[in-house]
Structure formats: C-alpha cells, structure tokens
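Numbers restart at 1 for each chain; the letters A, B, ... are given by sequence-line order, proteins then strands.
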2 protein chains.
Amino acid sequence: MTNPTAAMLVIGDEILSGRTRDANMHFLAGELVRHGIDLNEVRIVSDDRDAIVTAVRALSEAFDHVFTSGGIGPTHDDITADSIAAAFGAPIDVRDDARALLEAHYARTGMELNAARLRMARIPDGAALIDNPVSTAPGFTLGNVHVMAGVPAVFQAMLASVLPTLTGGSPLLSQSLRVFRAEGDMAAQLAALADRYADLSIGCYPFHKDGVFGANVVVRGADGGRIDAAMSDLARDLGL
Amino acid sequence: MTNPTAAMLVIGDEILSGRTRDANMHFLAGELVRHGIDLNEVRIVSDDRDAIVTAVRALSEAFDHVFTSGGIGPTHDDITADSIAAAFGAPIDVRDDARALLEAHYARTGMELNAARLRMARIPDGAALIDNPVSTAPGFTLGNVHVMAGVPAVFQAMLASVLPTLTGGSPLLSQSLRVFRAEGDMAAQLAALADRYADLSIGCYPFHKDGVFGANVVVRGADGGRIDAAMSDLARDLGL
C-alpha cells in the first residue's frame, strides 16, 4: 500500500522577496511524515491570481492533497480564496456560516466587523470550513485543496483541525548516521546499500564546517526492521 | 523597463521530509533583489528524475533564469546533472575541463579521484562551468538554467560566480512600517493606498504574539522617491 501524496503551495511575495523565511513548510513536512502522507512537491508563488490558479490546478491534479498557506486575511493583497475559487470555477461570496463565526468573534472582542474583515467570510460554494481556534477567521477545504493562513500559529492550528480528517498511511520512519568522512569516500558503499535496500530511500547530505568534511546518511522507509538492518549494514560497510 | 524574471528549483528529499530547512532560497531571494532580478516562483521537488525534468522544463520556459540547488555531489542520490541534461535532450558525460579541475584538486589534497568523485565531472554538452572556490567540483549553466550545489557555503560561492555574468535590472527597494493595529482596522486605507500607487507593491503581513496584534506593512518598488511618498501617505492615513 502506498501512502497518499501531497503538495504544498505557499502564497507569499514576502518570501520571494527575501523579507521573511517561510516557517510553515518545515512544520507541514514534519506533520505529514508522522501522518503517513508523502510531501512530494512545494511551490512558492507570489500574490498573483494567475500564478495561484495555475499552480493550484497543476498540484490538485497531480497529488492527493494540496495544502496552501497565506493570503486569506482582510487586506487587498489577500487574494487566495478568490483565486482558489477561480481555479475550480466555483462561485464565491460571503457565506452565512463563515459570517456567523466572524460576527460572534467580533461581538466578543468588541471590534468592528467592517467590510475588510467581512472579506474573510468569502468562501467558495461547496467548500468545508476549517476551524481556526486562534483567530476565528476560517480556512476551507475545496476538493482536495486545504486553504490555510500564513501566520504560523494559525497555520498550525488549522492543520491540527484538518489532519485528523485525512486518511494517512504508514508514517515515514528514518534513522541517520553522522559520518566524518568525505562523501566521495563512501559513495560506492552507499550505492551498493541503496541497491540492496531498494525499498528504502538512502540519502547522503554532506557538510563541511570549520575544515571538517562529513555527511549525514539518512535511511527512510515505512519498515523499521528494514531500516535497522540497513543501518547495521551501513556501519559494517563503512568499518565503523 | 521590466526586470529579468527568475525561478528557483530546490532538489532535495531532505527538505520535503522535514529533516532540514532550506537555507539557499532565502539567500538567493536576497541576492536577486539586490541584483534587480525578480524571483517569481520557487519549487521544491524530491530526488526524482521525472520530477526534476518536468520542473526544469516548465520553469526554464516560463522565466528568464532558473537557479537550482542540490544533487550534484558524488553519491548515488545525486542525479541533478543527468536530469538537467535529460530535460534539454543534451548528451552528458565526464568532461575534460571538469575532470582537470577535479584531478588538480584531489592531487593537491591527497585524496583519491575515484569513480564516485568522477561523477562530479559529468557536465552536459554545451554547458558553461560555474566556478566553485570552496570545494572545486563545478556547477554549470545550461541554457538559462544555473545548476548549483545544495551545501549553503558552496551554493553561495557559486552564486557569487554566476550573478555578475547576468544582466540585472533595477534593485527592488522596500520600506516597512510596523503597526500595532489589527489588519482589519487598516485594510481600507491600505487598499486606497495600493490604488493610488499602482506602480508599487504594498503588502500587509500580520503578526500576533503574546496577545498583541499588529502587522508589518511593506512597500516595494524600483523608485525610492515613490516609496518615500507612499510611506508618508501611509503614516498620515493611519494617523501615526
């Protein structure tokens, strides 16, 4: 049985312009590993309707799930919801269920539910709301696309709402070995190991820091016993 | 005059599996901003030949430049060079100029230029080598695709070799204002500002931390005078 596949779409000029580092990708990757969903691709596009539409369509077709982050706030540059609707040809407007959530929230906090904030209740027809326990304004799932906020605390809370609803597979297990030896001096052994353990993924990630050469060898797969065996072979083959 | 456009392709299972955070994207984004090249899209794909070929072709066609990172070392999982060659239908083999660099390097360091390391001299026909002052094994430029290492120190050194050869445009300038006010309470002013300054990009990036709501408003563009004017208007419109 193979695991479900997934892609992430990060919507954000602020990352492409080098202003901020994305924090959600790394978090999502870790959560999906634990949930047994394989993250196969990530795309980062700017706050541009055509770019979002093109990417969402391509990823939605190619993978079982698409997780998006960013662009669902109240300001003029928040165009994700409308772009997702456009990608699927779904009508979109302020929806009663989302408006009710916002009305209750702003009544509670004493802030005004003005026209800008009401934009956060724009939800495509046919979408299911994603709960936002942090700041109320909901995300949504349309088809296989899960649309979430860019603010890390909100993204994480929304993901916690969504993940339990998705069927996962086998968690991806991994073990790693830090070897203080140049990659090129163990490449033959690693290639032979990868051949013998074709069911596992064997990666070699070099580092050189302060004049010391080395590499982290990472063995990944669904079967812990096989990983144990590969790691034993690896230590033996490298004479460790 | 519009700036040249660019995309980045990060090749790396280790990022998609959540093991490491990519460091090169943020660095590249900052360098491109200074050089006047607009980074429009980033994709991260796994160490998979088909995935690399598909992404390289799409990005190479859509943008003026493509910068790749990762997968050009000596181990079995380093398949970037062959995948780039396949994407362009270019023959690839150990090339004399690259082999000569490696021979000199390994003679100097007393290490063996074995079969695994010789793979790093596999360069597609027609590609120009990218100098690697850190660890010698070169990157290469094929068409509009610049193929560089994943190790950050090497990626940065290769980028320093490549960037001066590329025609840049106007550096993207930006100013930002940290406003301790909820996004929804200034969305109308920001939308009006964005309308008045259609030549600038005006982004609003909310934060809430320790119970305090606020947002960073960032104004970007090529004309510093226009940005100054927009920032003055912004402060006035928000009553700051």
Side-chain angles (χ1 to χ4, degrees), chain A residues 13-22 25-26 28-33 39-47 51 55 73-77 111-112 114-117 119-120 134-135 150-151 153 172 174 176 182-188 190-191 194 201-208 218 220, chain B residues 13-22 25-26 28-33 39-47 51 55 73-77 111-112 114-117 119-120 134-135 150-151 153 172 174 176 182-188 190-191 194 201-208 218 220:
Chain A
D13 283 350
E14 72 275 28
I15 293 155
L16 293 173
S17 69
R19 207 188 68 88
T20 58
R21 289 170 193 268
D22 169 75
M25 183 197 318
H26 186 68
L28 177 68
E31 290 295 300
L32 291 182
V33 160
L39 181 61
N40 282 275
E41 183 169 338
V42 175
R43 293 193 193 180
I44 308 177
V45 298
S46 61
D47 305 339
T75 56
H76 65 285
D77 54 336
M111 292 198 285
E112 183 200 358
N114 56 23
R117 291 191 168 115
R119 288 188 64 222
M120 295 191 287
V134 174
S135 52
V151 175
L172 185 68
S174 69
S176 67
E183 271 196 299
D185 285 328
M186 53 183 170
L190 291 177
S201 152
I202 295 169
C204 185
Y205 309 112
F207 58 83
H208 39 97
V218 181
R220 299 186 193 91
Chain B
D13 284 350
E14 72 275 27
I15 293 156
L16 293 173
S17 68
R19 206 188 68 88
T20 57
R21 290 171 192 266
D22 168 75
M25 183 197 317
H26 186 68
L28 177 68
E31 290 295 299
L32 291 182
V33 160
L39 181 61
N40 281 275
E41 183 169 338
V42 176
R43 293 193 192 180
I44 308 176
V45 298
S46 62
D47 304 338
T75 56
H76 66 283
D77 54 336
M111 292 198 283
E112 183 201 357
N114 56 22
R117 290 191 168 116
R119 288 187 64 223
M120 295 191 288
V134 174
S135 53
V151 175
L172 186 69
S174 68
S176 66
E183 270 197 301
D185 284 328
M186 53 184 168
L190 292 177
S201 152
I202 295 169
C204 185
Y205 308 112
F207 59 82
H208 40 98
V218 181
R220 298 186 195 89

Taking the side chain as C-beta and beyond, is there a heavy-atom pair between B:Asp77 and A:Ile202 under 4.5 Å? no

Flag side-chain contact, heavy atom, 4.5 Å: A:Glu14 against B:Val218: no

Tell me, out of B:Leu190, B:Asn114, B:Asp185, who's got the most heavy-atom pairs with chain A below 4.5 Å. B:Asp185

Side chain, backbone, both or neither of B:Arg117 within contact of chain A (heavy atoms, under 4.5 Å): side chain

Roughly how far, to the nearest 0.5 Å, is CD1 of A:Ile44 from CD1 of B:Ile44? 5.5 Å

Specify which of A:Val42, A:Val45, A:Asp13 makes the most heavy-atom pairs with chain B at under 4.5 Å. A:Val42

Non-hydrogen atoms of chain A under 4.5 Å away: do they reach the side chain of B:Thr20, the backbone, both or neither? backbone

Between B:Ala51, B:Cys204, B:Gly30, which shows the greatest number of heavy-atom pairs under 4.5 Å with chain A? B:Cys204

Is any side-chain heavy atom of B:Thr75 less than 4.5 Å from a side-chain heavy atom of A:Tyr205? no

Go through the atoms of A:Ile15 and report whether side chain, backbone, both or neither lie under 4.5 Å from a heavy atom of chain B. both

Side chain, backbone, both or neither of B:Leu28 within contact of chain A (heavy atoms, under 4.5 Å): neither

Are A:Arg220 and A:Val33 side-chain neighbours, meaning at least one heavy-atom pair lies under 4.5 Å? no

Of the backbone (N, CA, C, O) and the side chain (C-beta and beyond), which part of B:Met25 lies under 4.5 Å from a heavy atom of chain A, both, or neither? side chain

Shortest non-hydrogen separation from A:Pro74 to A:Arg119 and the atoms involved: O-NH1, 3.6 Å

